[in-house]
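The block underneath contains the structure these notes are about, expressed in structure tokens.
None of the values given here were measured: they were computed from a predicted structure. Order of appearance sets the numbers: ligands from 1, and atoms from 1 within every ligand.
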Amino acid sequence: MKVTILGTGTSQGVPVIGCKCAVCRSEDVKDKRLRSAIMVEDGNTRIVVDVGPDFRQQMLHHSVDNLDAILLTHEHADHIFGLDDIRSFNWLQKSPMDIYCEQRVQESLRNIFNYVFAENKMPGIPQMNLINLQNEKFRIASINITPIRLLHQFLPVFGFRFDRFAYLTDFNVIEEQELEKLYGIDTLVICALRKSPHVSHLNLSGALELIKRIAPRKAYFTHLSHEIGKHRDLLAELPPAIEPAYDGLMIEIKNH
Ligand SMILES: [Zn+2]
Ligand SMILES: [Zn+2]
Ligand SMILES: [Zn+2]
């Protein structure tokens, strides 16, 4: 299984529009962070988790011309506002896109993308096949997926375990029984917004604490704000098994 980190930025991305801080002015490509998303591939199956406003760029950058499904963690703008661009895949694949998300997220999609669900549809609009996501294991072709219930302050969101890889973003609370679902993973990608605390996101120390409890072989940080500093500086502060992720990072996951 191969995981591609499509974006590692928080909701505004890095650089932030108009910001003159050292991180936003950095020329290091690893300090350019599109909105957070990943792509998981196994054999011929390809899944994307979250479709933020940078989805089009992410698909073009990685020359993606086929997508089997989209999983949505939650309905915030930085995770869904690229959905109009699934039109290219609808056209290429001659089919609607399977979009897995929970009921509440589906209701948001029906509001935000009302033209997609309108009775009298305009020609050429995106075609979405909404599939109800519950806190139960499921499969997409060869890929086994275990949803992980997380709390983004008060908002329930989903993280996902794909065999021995897990992706957890936009949360600061996880119950014990959900944490147990993560035992035995090889690689974890987890959000760490910044060093100072935040009401709805894990900060660096909170993420480090969770990594200790889950004990993966390797962990990467994502959903990073410009406030966390430059990639190079953060990397130097962390132990060898933990790294800040960067856009375009590819990770091979050995399942057995
Ligand atoms: Zn987010
Ligand atoms: Zn900045
Ligand atoms: Zn969010």
First locate atom CD1 of Ile145, then atom CZ of Phe165, and finally report the distance between them rounded to the nearest 0.5 Å.
12.0 Å
Taking atom types as modelled, is there a side-chain donor on Thr45 or Asp68 under 3.5 Å from an acceptor on the other?
no
Just checking Tyr183: does its OH atom have more than 12 heavy atoms from other residues, nucleotides or ligands closer to it than 6.0 angstrom?
yes
Do His76 and Asp170 have a side chain donor and acceptor closer than 3.5 Å?
no
Do side-chain atoms of Arg33 reach the backbone of Leu224 as a donor and acceptor pair under 3.5 angstrom?
no
Under 4.0 Å between a Lys/Arg side-chain N and an Asp/Glu carboxylate O for Asp78 and Arg35?
no
For the Zn ion (ligand 2), every protein N/O/S atom that sits closer than 2.8 Å, waters excluded
Cys19 SG, Cys21 SG, Cys24 SG, His226 ND1
Take the angle between the ring planes of His231 and Tyr246 and call it parallel below 30°, perpendicular above 60°, tilted in between.
perpendicular
So, at under 2.8 Å, which protein N, O or S atoms would a careful student list around the Zn ion (ligand 3)?
His74 NE2, His76 ND1, His152 NE2, Asp170 OD2
Determine the interplanar angle of the His79 and His223 rings, folded into 0 to 90°, and report it as parallel if under 30°, tilted if 30 to 60°, perpendicular if over 60°.
parallel
Whether over 12 other heavy atoms sit under 6.0 Å from Glu209 CD:
no
